[in-house]
Amino acid sequence: MADLVLYGSPLSPFARKVEMVLGEKGLDYDFENVSILPMPDWFAELSPARRIPVLRDRSIGEEGILGTIPDSSAICGYLEKKAPTPAVYPQSAYEYGRALFMEEYADSVMAMLGGMGIFRAVVFPKFQGKESDLDTARTTWREKLPPVLDYLEQTLDGNAFFVGGELSIADISVAAQIAQLDIVVGTPDEARWPGVVGHYQRMTELPGLTSNLAACSKVLANVVPEKLDLS
Ligand SMILES: N[C@@H](CCC(=O)N[C@@H](CS)C(=O)NCC(=O)O)C(=O)O
């Protein structure tokens with residue numbers, strides 16, 4: 001049994017972000033699936049915002065709230081302090097601030113589009129035996145996502161990483177959200193956003209993302225057997 005337990009679902013881009021950080025730091029962890037449809041009471045007690053993921057560090061507390069941290073950003077900050085090497089946050093103050101901003105941009109703007117606009121519109125109804133809301137998914141993919149991808153392309157500006165010339169929480173957070181598109185629709189148009197798609201493809205080689213994508217494929221095998229064409 002590992003000291004760390006991640007409660008969540010591989011389908012959550014926020015749990016995925018944490019898995020990527022755990023993978024980079026080579027930390028061993030147990031993954032405990034928690035459904036949000038509906039969320040069990042024991043878990044709601046650990047997550048006052050009623051969100052996944054939550055991390056438990058069993059070396060601090062094995063039961064109840066002691067030893068738990070909700071929220072992917074809080075969890076990643078905790079992991080950086082707990083296992084500082086390799087660092088996933090830049091050392092310089094400015095780059096640190098930029099990386100935190102990219103994390104926030106991914107967790108808010110990108111998560112809203114990929115999560116609400118695509119994943120929830122397509123996959124959630126299917127889990128409930130209903131039809132996907134393809135109108136919402138198409139409008140998101142064709143109209144709402146392109147300006148966000150343009151912004152990411154400009155920010156990368158031909159570089160391999162978003163901030164400071166090396167892998168950071170910025171790259172991990174953005175890739176965790178692009179993966180949310182990838183598992184349902186595939187990657188965006190590479191001819192239009194070559195930097196973003198190339199960056200994502202390199203990120204899929206990180207152990208935390210490789211294993212997360214494999215877990216997502218298993219869960220989605222009967223729900224979205226093929227990636228949707230929304231173009
Ligand atoms: N700021 C939170 C956001 C987490 C979040 O929104 N998780 C979603 C799943 S991807 C959730 O738990 N939603 C619960 C619900 O919709 O009831 C984090 O970074 O962990």
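Predicted model, so just to flag it, every value in this text is computed and none were measured. Ligands are counted one by one from 1 in listed order, and the atoms in each one are counted from 1 as well.
For ligand 1, one of its N or O atoms has an N or O atom of Asp71 under 3.5 Å away. Any N or O atom pair closer than 3.5 Å counts here, and Ile52 shares at least one such pair with ligand 1.
Atom 11 (C) of ligand 1 has its closest protein heavy atom at Arg51 CD, 3.5 Å.
Ligand-side atoms of ligand 1 in range of Arg50: 14 (C), range being under 4.0 angstrom from any heavy atom. Of all atoms in ligand 1, listed by their number and element, those nearer than 4.0 Å to a heavy atom of Pro13 are 10 (S). Remark: ligand 1 atoms within the under-4.0 Å shell around heavy atoms of Pro53 are 20 (O). Atoms of ligand 1 found under 4.0 Å from any heavy atom of Arg120 (numbered from 1 in listed order, with element): 13 (N), 15 (C), 16 (O).
Residue Lys17 does not touch ligand 1, judged by heavy-atom distances below 4.0 Å.
Electrostatic pairing of Asp71 and Arg51 does not count as a salt bridge here, judged by no charged N lying under 4.0 Å from a carboxylate O. Between Glu131 and Lys126, no side-chain nitrogen of the basic residue sits less than 4.0 Å from a carboxylate oxygen of the acidic one, so the salt-bridge criterion is not met. For the pair Asp182 and Lys227, the salt-bridge criterion is met [side-chain N within less than 4.0 Å of a carboxylate O]. For Lys17 and Glu103, the salt-bridge test passes: some basic side-chain N is under 4.0 Å from an acidic carboxylate O.
A distance-only check finds a donor-acceptor pair linking the side chain of Ser211 to the backbone of Pro207 [under 3.5 Å].
More than 12 heavy atoms of other residues, nucleotides or ligands shown are found within 6.0 angstrom of CZ on Arg58.
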